[in-house]
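What's counted below: heavy atoms across the whole structure, side chains too, no hydrogens, waters or symmetry copies. To find a chain, count down the sequence lines: A is the first, B the second, and so on, and within it residues start at 1.
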2 protein chains.
Amino acid sequence: MANQRLTIGELSKAAHVGAETVRYYERIGLMPRPARTAANYRLYSAEQLARLSFIRRSRELGFTLDRIKALLELAGDRARDCQAVDVIASDHLAEVERKIADLTALRRTLRDLIGQCRHGTIADCRIIEALSPVPA
Amino acid sequence: MANQRLTIGELSKAAHVGAETVRYYERIGLMPRPARTAANYRLYSAEQLARLSFIRRSRELGFTLDRIKALLELAGDRARDCQAVDVIASDHLAEVERKIADLTALRRTLRDLIGQCRHGTIADCRIIEALSPVPA
DNA sequence: CTTGACCCTGTAGTTGCCACAAGGTCTATA
DNA sequence: TATAGACCTTGTGGCAACTACAGGGTCAAG
């Protein structure tokens, strides 16, 4: 009963990942090549569904496919020290924090700029002015 | 004296934009086709340098090339109401704010996850566990 | 036996560039 | 005058992570 095999469409629905995305994951080696029916249809196992779900969750957390590949390799090695996992996650967190900092600075600049808008003509628009270079 | 024309390399240095990027902007219609020397070298005017600098500043603020194109069109129309500029900038700000919100939620999740790490084996790694689907 | 929903492969588009390759040009120096 | 090296030209392909076809094959229901 654990042998229920899924077509790509069924897998796709179960994992909430587009079928074309699944094929893409296969092409880049993130998902294994599945079994095939006589008619060359892909057939997925429960384990492969679990793998795809893992990928989807990781993507939701913003991990890159490269890092997800690394996480999946680690996940298979149950006896191993989980420090490597920690490193990947911490690196990712650091990147998220950097992006937040960048975007926060950007938000400030944009708010200032928009706040200065006097709603007149382009000729005295502060936004355009801020973007325009000073004539040398 | 206002007639000083620049090669793509000179333009590139002056505006702090890669030469290949300038050619790319030309291809997509963001920069105009410049004059050419007898040897087919591109020659840029001061006005074109100003346009490229405008683009660079706008990119630094995270505007997409499409929006920059729109901003440049508006910027040329000095008598026009600057409301359209305000709309573009405000839309952009809204997107930045959305991204900050998304990333902030992500940061929280990642921090929680990493904080739960007990530094044992993969088998009881909270991070891997959180990513793994519950077996049905 | 046909309709419609599924599946297949392969290719091209998205965004904003960067990195070649293979050639032409220009300038300075030996 | 020859030549080295820095510049310029076009065209192509790559990056991330998909998405959207086109042009076919397959399968189950009515």
Side-chain angles (χ1 to χ4, degrees), chain A residues 5-31 33-44 48 51-52 54-72 88 91-92 95-96 99 102-103 106, chain B residues 5-31 33-44 48 51-72 91-92 95-96 99 102-103 106:
Chain A
R5 306 228 145 204
L6 310 167
T7 66
I8 198 170
E10 290 160 348
L11 178 82
S12 170
K13 256 168 216 136
H16 305 281
V17 172
E20 317 218 294
T21 301
V22 175
R23 282 191 282 255
Y24 167 69
Y25 288 165
E26 181 182 331
R27 250 198 333 278
I28 64 169
L30 189 57
M31 282 294 287
R33 294 203 196 163
R36 299 279 187 150
T37 67
N40 204 30
Y41 283 23
R42 288 173 178 81
L43 275 190
Y44 293 93
Q48 287 165 343
R51 186 179 176 97
L52 184 59
F54 185 101
I55 296 169
R56 201 207 96 207
R57 282 163 197 242
S58 306
R59 284 297 297 139
E60 278 171 7
L61 295 181
F63 285 98
T64 62
L65 297 185
D66 265 4
R67 280 183 174 152
I68 295 171
K69 204 179 278 188
L71 285 174
L72 279 164
I88 294 175
D91 279 2
H92 180 47
E95 269 162 41
V96 168
K99 275 185 197 159
D102 287 353
L103 287 173
L106 202 55
Chain B
R5 306 230 146 202
L6 310 169
T7 65
I8 198 169
E10 290 161 348
L11 178 82
S12 171
K13 257 169 218 138
H16 306 278
V17 172
E20 316 217 294
T21 301
V22 175
R23 282 190 281 259
Y24 168 69
Y25 288 166
E26 181 182 331
R27 250 198 334 278
I28 63 168
L30 189 56
M31 283 293 287
R33 294 204 197 163
R36 297 281 186 148
T37 67
N40 204 30
Y41 283 23
R42 288 172 178 80
L43 275 190
Y44 292 92
Q48 287 166 343
R51 186 180 176 96
L52 184 57
S53 300
F54 185 102
I55 295 169
R56 202 208 93 204
R57 283 162 195 242
S58 305
R59 284 295 299 140
E60 277 170 9
L61 295 182
F63 285 99
T64 63
L65 296 184
D66 263 6
R67 278 181 175 155
I68 295 171
K69 203 178 278 187
L71 285 173
L72 279 163
D91 279 2
H92 181 47
E95 270 163 39
V96 167
K99 275 184 198 162
D102 287 353
L103 287 173
L106 204 52

Q: For B:Asp66 and B:Thr37, take the nucleotide of DNA chain C holding the closest heavy atom to each; which residue's nucleotide lies nearer the 5' end?
A: B:Asp66

Q: B:Ala39 has a side chain; which of C:dC7, C:dT25, C:dG16 sits nearest to it?
A: C:dT25

Q: Please determine if a side-chain N or O atom of A:Arg23 lies less than 4.0 Å away from the OP1 or OP2 oxygen of C:dT9.
A: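 For C:dT9, neither OP1 nor OP2 has a side-chain N or O of A:Arg23 closer than 4.0 Å.
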
Q: Check this one for me: any side-chain N or O of B:Arg42 less than 4.0 Å away from OP1 or OP2 of D:dT10?
A: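 Checking D:dT10 against B:Arg42, a side-chain N or O does come within under 4.0 Å of OP1 or OP2.
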
Q: With the threshold set at 4.0 Å, does a side-chain nitrogen-carboxylate oxygen contact exist between A:Arg5 and A:Glu10?
A: no

Q: Take the protein atom CG of A:Leu65 and the nucleotide atom P of D:dC15, then report the distance between them rounded to whole Å.
A: 13 Å

Q: D:dC18, C:dG16, D:dT10: which one has an atom nearest the side-chain heavy atoms of A:Arg59?
A: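 Looking only at heavy atoms from C-beta outward on A:Arg59, the closest nucleotide is D:dC18.
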
Q: Select from A:Glu20 and A:Tyr41 the residue whose nearest nucleotide in DNA chain D is closer to the 5' end of that strand.
A: A:Glu20

Q: Round to the nearest Å and state the distance from B:His16 atom NE2 to C:dC17 atom C1'.
A: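 It is 19 Å, rounded to the nearest whole Å.
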
Q: Among D:dC18, D:dC7, C:dC7, which nucleotide has an atom closest to any side-chain atom of A:Thr21?
A: D:dC18

Q: Let me know the distance between CZ of B:Arg33 and C1' of D:dT10, rounded to the nearest Å.
A: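 Checked: the CZ to C1' distance equals 13 Å.
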
Q: Between B:Arg67 and C:dG16, is there a side-chain N or O to OP1/OP2 distance below 4.0 Å?
A: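 B:Arg67 to C:dG16 OP1/OP2: no side-chain N or O under 4.0 Å.
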
Q: In whole Å, I'd like the distance from the NZ atom of A:Lys13 to the C1' atom of C:dA5.
A: 10 Å

Q: When rounded to the nearest 0.5 angstrom, what distance separates NZ in B:Lys13 from CD1 in B:Ile8?
A: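 Going from NZ on B:Lys13 over to CD1 on B:Ile8, the span is 12.0 Å.
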
Q: Scan B:Ile28 against the nucleic acid and name what it touches under 4.0 Å (heavy atoms): base, sugar-phosphate only, or nothing.
A: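 B:Ile28: no heavy atom of the nucleic acid under 4.0 Å.
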
Q: In whole Å, what is the span from the OH atom of B:Tyr25 to the P atom of C:dC17?
A: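 The distance from OH of B:Tyr25 to P of C:dC17 comes to 3 Å, rounded to the nearest Å.
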
Q: Could you go through the side-chain contact (heavy atoms from CB on, under 4.5 Å) check for B:Ile55 and B:Val17 one step at a time?
A: CA-CA 9 Å; B:Ile55 295 169; B:Val17 172; over 6 Å; no

Q: Which nucleotide in the list D:dC27, C:dC6, D:dC18 gets nearest to the side chain of A:Tyr24?
A: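 In terms of side-chain proximity for A:Tyr24, the closest of D:dC27, C:dC6, D:dC18 is D:dC18.
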
Q: Determine, stepwise, if the pair A:Glu60 / A:Arg56 fulfils salt bridge (charged side-chain N to carboxylate O under 4.0 Å, His left out).
A: CA-CA 6 Å; A:Glu60 278 171 7; A:Arg56 201 207 96 207; 2.5 Å; yes

Q: Once you round it to whole Å, what is the distance between P of C:dG16 and CZ of B:Arg56?
A: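 Whole-Å distance recorded here is 17 Å.
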
Q: Minimum heavy-atom separation for A:Arg67 and A:Asp91, please, with both atom names.
A: NH2-CB, 3.6 Å

Q: Tell me: CD of A:Glu10 to C1' of D:dA28, nearest whole Å?
A: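 These atoms are roughly 13 Å apart.
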
Q: Pick base, sugar-phosphate or nothing for A:Phe63, based on heavy-atom distances below 4.0 Å to the nucleic acid.
A: nothing

Q: Provide, to the nearest angstrom, the distance between the CD atom belonging to B:Glu26 and the P atom belonging to C:dG16.
A: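 Checked: the CD to P distance equals 18 Å.
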
Q: Ignoring hydrogens, what is the shortest heavy-atom contact between B:Tyr44 and B:Glu26? Give both atom names and the distance.
A: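 Closest heavy-atom pair between B:Tyr44 and B:Glu26: OH-OE1, 3.8 Å.
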
Q: Out of D:dT10, D:dA17, C:dT9, which has the shortest distance to the side chain of B:Asn40?
A: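 Of all the options, the side chain of B:Asn40 is nearest to D:dT10.
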
Q: For D:dT10 and B:Arg36 - does any side-chain N or O of the residue sit under 4.0 Å from the phosphate oxygens OP1/OP2?
A: yes

